[in-house]
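Report on the structure given below.
All values below come from the heavy atoms of this structure, side chains included, with hydrogens, waters and symmetry mates left out. Proteins come first, then strands; the chains are lettered A, B, ... in the order of their sequence lines, and each starts at number 1.
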2 protein chains.
Amino acid sequence: MPKPTLVVESDDPQVGLLEAAGKLFRQKGFAATTVREIAEAAGVWPGSLHYYFPTKESILLALMEQGIASAESGFRRALEASDDPIDRIRLAIRAHIRMLVGNEAGTYVLLYEGRGLTGDARTAMVRLRDRYDALWDGLLYQALGTGRLQSGIDVRLTRLFILGSVNWVAQWYSPDGGRKPDEIGDSFADTVLNGLVG
Amino acid sequence: MPKPTLVVESDDPQVGLLEAAGKLFRQKGFAATTVREIAEAAGVWPGSLHYYFPTKESILLALMEQGIASAESGFRRALEASDDPIDRIRLAIRAHIRMLVGNEAGTYVLLYEGRGLTGDARTAMVRLRDRYDALWDGLLYQALGTGRLQSGIDVRLTRLFILGSVNWVAQWYSPDGGRKPDEIGDSFADTVLNGLVG
DNA sequence: GTCTATACTCTGATAGAC
DNA sequence: GTCTATCAGAGTATAGAC
């Protein structure tokens with residue numbers, strides 16, 4: 001039996017392994033997932049896994065790099081729909097939630113499995129996360145510049161507030177749960193923006 | 001060398017083990033922490049650990065039970081300071097953050113290490129978490145009843161929004177970070193309450 | 001009640017056939 | 001490039017001395 005379960009679609013083993021690892025890391029966590037499980041879910045034998053990825057940690061790293069790339073490009077794409085910084089906050093919130101609940105397992109892993117990386121890989125990851133945070137801070141500064149928000153706002157704290165509520169969506173969202181991702185995003189954006197305008 | 005490191009204060013080994021496990025689970029995650037590490041940090045030999053806790057999972061469960069008890073009593077105590085439901089939301093937010101960033105490792109573990117439990121223990125945990133959520137929903141309904149909030153508010157979504165932002169504090173808070181827990185809570189409460197009043 | 005020694009399983013990773 | 005077979009080490013848990 002060359003391909004035991006074949007849970008994953010892609011023909012390219014490297015892509016299939018990443019996809020399988022993403023699902024498992026999200027479901028069970030990095031440390032609790034074994035390389036054998038990943039290989040099986042990808043329809044590959046355990047030994048072959050190490051041909052594509054030298055270590056388990058390198059799979060996590062690749063996944064996170066994919067996650068940060070998707071987060072950044074999603075953020076930038078969202079901003080194209082409007083020039084108004086206040087509108088753009090809403091658009092960015094929606095985009096962030098869509099990524100988190102979508103198939104892009106990398107984004108979830110990026111948020112919640114950072115402890116799995118050690119040494120240089122970890123510092124590299126933190127730097128990438130900081131870059132995404134900086135995108136948000138820039139947007140929030142722009143919004144402040146319009147004069148339509150309260151003047152005393154702490155940008156960093158506001159970013160942490162917004163990202164906290166949206167990141168948490170990944171913990172409770174269910175596709176059968178009634179609310180669609182964009183509806184959740186709009187509801188959150190309503191409260192946040194209304195709260196910041198005062 | 002009977003007590004190798006003695007990182008933990010308590011004399012009662014059971015308490016010391018829980019304390020040590022809480023710190024390690026919070027720092028490295030449940031799956032990545034070994035029972036040897038817990039035993040060493042508590043100043044107990046690995047074999048003795050299993051005298052107090054039959055399995056590693058039972059340590060996690062005990063920690064979570066401690067966490068939910070502390071969360072519930074903290075919530076109730078916070079409400080004693082005011083009779084106004086709107087004020088109480090602020091007080092509950094502050095209390096929740098204080099618990100998360102304080103020593104009570106159980107609260108953190110309760111939020112982020114639920115995957116470590118399996119079977120009956122897991123369903124039991126979910127039920128306990130639901131009970132805490134119900135406390136919040138009750139408070140939010142009360143606040144709605146005052147007529148001072150927007151009428152169309154979705155209580156569940158609002159609770160998830162608030163708890164998301166405050167739960168995330170556990171991921172970034174640092175004691176050296178300038179802002180004290182209550183300041184963070186007040187800032188969040190300002191934005192949320194202002195946003196819900198409209 | 002606490003520690004020593006160890007059983008046994010599972011883990012990540014490798015070597016080498018094909 | 002992919003699979004088979006296997007290694008060395010780490011994992012939880014146990015048995016039994018004291």
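- Note: CZ (A:Arg36) to P (D:dA10) measures 16 Å, nearest angstrom.
- Which of D:dG11, D:dT14, C:dG1 sits closest to the side chain of B:His50 comes down to D:dT14.
- Under the rule for a ring-ring contact (aromatic ring centres under 6.0 Å, His included), B:Phe53 has no partner lying at least two apart in sequence or in another chain.
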Exercise for the section: Report the C-alpha separation of A:Leu196 and A:Ile86 in whole Å, then their side-chain angles, then the decisive distance to 0.1 Å, and conclude whether the side chain to side chain contact (heavy atoms under 4.5 Å, CB included) test is met. Expected result: CA-CA 10 Å; A:Leu196 293 176; A:Ile86 309 283; over 6 Å; no
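- Contacts between residues 53-60 of chain B and DNA chain D, defined by a heavy-atom separation under 4.0 Å, are made by B:Thr55, B:Lys56.
- For A:Phe25, the ring-ring contact (aromatic ring centres under 6.0 Å, His included) partners are A:Phe30, not counting sequence neighbours.
- Residue contacts for B:Ser48: at a heavy-atom cut-off of 4.0 Å it reaches a base atom on one of the strands shown.
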Problem - Worked verdict on A:Phe161 versus B:Ile184 for side chain to side chain contact (heavy atoms under 4.5 Å, CB included) - result: CA-CA 9 Å; A:Phe161 174 76; B:Ile184 297 165; over 6 Å; no
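- When distances are taken from the side chain of B:Trp45 to each of D:dT4, C:dG12, C:dT4, the shortest belongs to C:dT4.
- Taking atom CG of residue B:Leu49 and atom P of nucleotide D:dA15, one finds them 16 Å apart after rounding to whole Å.
- Comparing B:Pro46 and A:Gly47 by the nucleotide of DNA chain D whose heavy atom lies nearest to each, the residue mapping closer to the 5' end is A:Gly47.
- Comparing D:dG1, C:dA13, D:dG11 against the side chain of A:Tyr51 picks out D:dG1 as the nearest.
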